[in-house]
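Index from 1, following the sequence.
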Amino acid sequence: MKKIIAGCAIGLVIGLSSQTWAGKDDHVLIQEAAKNVVTVSQAAKMADETGVTLTGQITKHLKSDHYEFKDSSGTISIEVDDDIWRKAGLKVGDHVRLVGEVDTHRYKPTDIEVIKIEKHQH
């Protein structure tokens, strides 16, 4: 009986900790981003997993689904999944408004993981 209880307890702990690794749901990030309309230089200093809204220009394709994004305050790398990119009909040079999640790293600069993006008239 003790083994069953211990097994259940371990399963519960693993189940709860996997929720922690999942991060925030997109709808939570979108709500947070509506309150955090920021510049690139501000976003680069924000905490990991913070929802942000940025407006600027896609200036360069770096590799795969990584692009360089620029506004008047600086540049930052953004990650845009192919399905989001195609759905928005984007190309390098487009001015966009994006909603994303700040992604900090130990050994490389902070970037933004894009959740939602649309062309924006500047």
Taking side chain as C-beta onward, heavy atoms only, is [X] less than 4.5 Å from [Y]?
X: V102; Y: I112; result: yes
X: I84; Y: K116; result: no
X: N36; Y: Q42; result: no

Checking the side chain of [X] only, and the main-chain atoms of [Y] only, is there a donor and an acceptor separated by less than 3.5 Å?
X: E118; Y: R97; answer: no
X: D71; Y: V40; answer: yes
X: D25; Y: H27; answer: no
X: D103; Y: D111; answer: no

[atom1]/[X] to [atom2]/[Y] distance, rounded to the nearest 0.5 angstrom?
X: H120; Y: L54; atom1: NE2; atom2: CG; value: 11.5 Å
X: T50; Y: K24; atom1: OG1; atom2: NZ; value: 5.5 Å
X: K70; Y: I76; atom1: NZ; atom2: CD1; value: 15.0 Å
X: L90; Y: I58; atom1: CG; atom2: CD1; value: 5.0 Å
X: E49; Y: E101; atom1: CD; atom2: CD; value: 5.0 Å
X: E68; Y: T59; atom1: CD; atom2: OG1; value: 3.5 Å

Looking at every non-hydrogen atom in both residues, tell me the closest pair between [X] and [Y] and how far apart they are.
X: V99; Y: A33; result: CG1-CB, 3.6 Å
X: S41; Y: S73; result: N-OG, 3.0 Å
X: V92; Y: H61; result: CG2-N, 3.8 Å
X: S77; Y: H66; result: OG-ND1, 4.1 Å

Given the rule that I, L, V, M, F, W and Y join up when any side-chain heavy atoms are under 4.5 Å apart, are V96 and V52 in one cluster?
->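 Shared cluster, yes.
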Give the cluster check for M46 versus F69: same hydrophobic cluster or not, with ILVMFWY residues linked at side-chain heavy-atom distances below 4.5 Å.
->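 Looking at the clustering, F69 is in the same group as M46.
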Using the six-membered ring wherever Trp is involved, compare the ring planes of W85 and Y67 and label them parallel, tilted or perpendicular (cut-offs 30° and 60°).
->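 Correct class here is parallel.
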State whether the number of non-hydrogen atoms from other residues, nucleotides or ligands found under 6.0 Å of K60 atom NZ is greater than 12.
->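 Incorrect, the count does not exceed 12.
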